[in-house]
S.K.: 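Structure below; questions to follow.
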Amino acid sequence: MKRFSELLAATAVRTIVTSADPEIGALCYDSRRVGRGDCFFAVRGESSDGHDYIGAAVEAGAAAVVCERLPEHTVDGVSYAVVDDSHGALADMAAAFYGNPSHELRLVGVTGTNGKTTVATLLCDMFRMAGHGAGLISTVVYRVGDREVESTHTTPDAVRLNAMLREMVDAGCEYCFMEVSSHSIVQQRVRGLRFAGAVFTNLTHDHLDYHKTFAEYVKAKKRLFDTLPKGAFALVNADDRNGAVMVQNTRAKVSTYSLRSMADFRCKVLEMHFDGMLLAIDRREVWVDFLGRFNAANLLAVYGAARLLGMEAEEALRHLSALHSVSGRFEPVRSESGRTVIVDYAHTPDALQNVIETINEIRRPEQRLIVVCGCGGDRDRTKRPEMGAIASREASVAVFTSDNPRTEDPEAILDEIMTGVAAGSRCLRITDRAQAIRTAVMLSHEGDIVLIAGKGHETYQIVGREKHHFDDREEAAAALRCLEGGGAQ
């Protein structure tokens, strides 16, 4: 617990209205979770304004309130602080509340459209292999020491984030590798954290429902590098034109990685098979349990970051060769019938194109590619025709289906996908995702490849506002069993 005045010292305050300096038990921005002695932050969201719930928070026992404007009526015995930005104050005060745990770790942020989860997870795995305590904050899972916690957001809110970092420090972690989403940067969830370094993977079409323009999306990502301290590293993908933009104003030491041009860290794909790739990284050969040039770039980012954190080249390559793919990223579902089923999280046009190009590099001319994909509801609608165009153009057969429709009509989402479908292409439209997967598997012949894209590691489907259990890998395995057993499903 800390005094309110101690926490306020960590952020810029315009006005303080208080007759006391209460001890604060917890920080909350949801009035429904406020307990006696807590500090409530009135933050503005996309659909609600925390200022409307100050009264409810005080009734629930809040001892202090941080807001951008004072309520009409203040309550005796409750302390109020007026700030310019409640989101920023929450992040500053959360870091102070938990004793600035990011100062006691080597914290590395990974940002970009695609590859964040893979790079952050593999860095955590690599440093754990090397005998270091390492934590992970990712889309798939949070690892706090040896404990795994279900992931709720790519980057959690500032309170939960600092609480987990404190747990990592207390558990003996020396490093933390975390995905940093563009949403979290704009909403200042990572403000007040001290980063030892940051990695930029790439920037492609995504999240324009939130950022509105690509320029704003670029600007959001760039802010992570703008705030890096002197002495930190900034590792960027030189094969993406936005890599140079990211580091224009950074104080950090800039390094680059590339598969195609001169860079500080370089990689060449020598061989590619369905069971892995042979890479040449900085002129040393290494066999890896991954597929695709996009994964070669991810692995090179992992290698580069490890080297910048002080790991020797030979050790980094040795650990790289022992790493395994991340759940739901180009993950095979085993078949006895000679079919190859791959489940991947690709849910952007660029990611889908990359995965398909990887498969096309490996498959023989007689092997057909059947693609199952859709688009999420309540998300960027402009990418839907692009997804339809890519799948219908590249696949022998494309099966369009529901992803997470959320509050949108699944049929309306499919209508928008179908506007991009190439004329004369072979495609099916099956709204029910389980049926779509079964149909794709049944359409496949021995030797064919079925790609199920969009949900990857997810074990649920969001319909309306409810989550229902759904796992592409389970559905694919069940469809294969049915096919191989000759029974009906």
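What you are looking at is a predicted structure, and each value in this text was computed from that prediction instead of being measured.
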S.K.: Would one find more than 12 heavy atoms of other residues, nucleotides or ligands at under 6.0 Å from atom CD of Glu357?
M.R.: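 Enclosed: over 12 neighbouring heavy atoms sit under 6.0 Å from CD of Glu357.
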S.K.: Nearest 0.5 Å, please: how far is CZ in Arg406 from CD1 in Ile462?
M.R.: 4.5 Å
S.K.: Are Asp403 and Arg379 ion-paired here, with the side-chain N under 4.0 Å from a carboxylate O?
M.R.: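 So Asp403 does not pair with Arg379 through a salt bridge.
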S.K.: Hey, do the aromatic rings of Phe127 and Tyr175 have their centres closer than 6.0 Å?
M.R.: yes
S.K.: Of Lys467, His347, Glu458, which is the lone residue that meets side-chain hydrogen bond (donor to acceptor under 3.5 Å, both in side chains) with Asn404?
M.R.: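 For Asn404, the side-chain hydrogen bond (donor to acceptor under 3.5 Å, both in side chains) check succeeds only for Glu458.
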S.K.: His457: what forms a ring pair (Phe, Tyr, Trp, His ring centres under 6.0 Å) with it, not counting sequence neighbours?
M.R.: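 Ring pair (Phe, Tyr, Trp, His ring centres under 6.0 Å) check on His457 returns Tyr345.
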S.K.: If the test is side-chain hydrogen bond (donor to acceptor under 3.5 Å, both in side chains), which one of Thr118, Thr117, Asn295 qualifies with Arg329?
M.R.: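 Among Thr118, Thr117, Asn295, the one that satisfies the side-chain hydrogen bond (donor to acceptor under 3.5 Å, both in side chains) with Arg329 is Thr117.
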S.K.: Quick check: closest heavy atoms across Ala232 and Phe195, and the distance to 0.1 Å?
M.R.: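 Closest heavy-atom pair between Ala232 and Phe195: CB-O, 3.6 Å.
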S.K.: Kindly compute the distance separating CD1 (Ile356) from CZ (Arg393), expressed to the nearest 0.5 Å.
M.R.: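 Answer for the CD1-CZ pair, Ile356 versus Arg393, is 8.0 Å.
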S.K.: Which residue pairs pass the side chain to side chain donor-acceptor pair (under 3.5 Å) test with at least one member in residues 409-424, sequence neighbours excluded?
M.R.: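 Checked against side chain to side chain donor-acceptor pair (under 3.5 Å) - neighbours excluded - the pairs reaching residues 409-424 are Arg381-Glu416, Arg384-Glu416, Glu411-Arg429, Glu411-Thr431, Asp415-Arg429.
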S.K.: With side chain to side chain donor-acceptor pair (under 3.5 Å) as the test, would you mind laying out the steps for Ser402 and Gln461 before giving the verdict?
M.R.: CA-CA 9 Å; Ser402 291; Gln461 187 174 38; 5.0 Å; no
S.K.: Identify the residue among Thr121, Leu136, Val326, Val149 that makes a side-chain contact (heavy atoms from CB on, under 4.5 Å) with Val141.
M.R.: Leu136
S.K.: Do Val355 and Leu352 have side chains that get closer than 4.5 Å, going by heavy atoms?
M.R.: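 Not touching, per the 4.5 Å side-chain cut-off.
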S.K.: Taking the basic N atoms (NZ, or NE/NH1/NH2) and the acidic carboxylate oxygens, is any pair closer than 4.0 Å for Arg143 and Asp125?
M.R.: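 Asp125 and Arg143: salt-bridged.
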S.K.: Check step by step if side chain to side chain donor-acceptor pair (under 3.5 Å) holds for Thr111 and Arg223.
M.R.: CA-CA 11 Å; Thr111 198; Arg223 279 169 59 179; over 6 Å; no
S.K.: Report yes if some heavy atom in the side chain of Gln188 is under 4.5 Å from a heavy atom in the side chain of Val190; otherwise report no.
M.R.: no
S.K.: Check whether any side-chain heavy atom of Val421 lies under 4.5 Å from a side-chain heavy atom of Phe400, and answer yes or no.
M.R.: yes
S.K.: Any Lys/Arg nitrogen of Asp471 or Arg473 sitting under 4.0 Å from an Asp/Glu carboxylate oxygen of the other?
M.R.: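 Salt bridge: yes.
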S.K.: Hey, is CD on Glu366 packed in by over 12 heavy atoms from elsewhere, all under 6.0 Å?
M.R.: yes
S.K.: For atom CG of Asp146, is the number of surrounding heavy atoms from other residues, nucleotides or ligands below 6.0 Å larger than 12?
M.R.: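 Not buried by this count: 12 neighbours or fewer within 6.0 Å.
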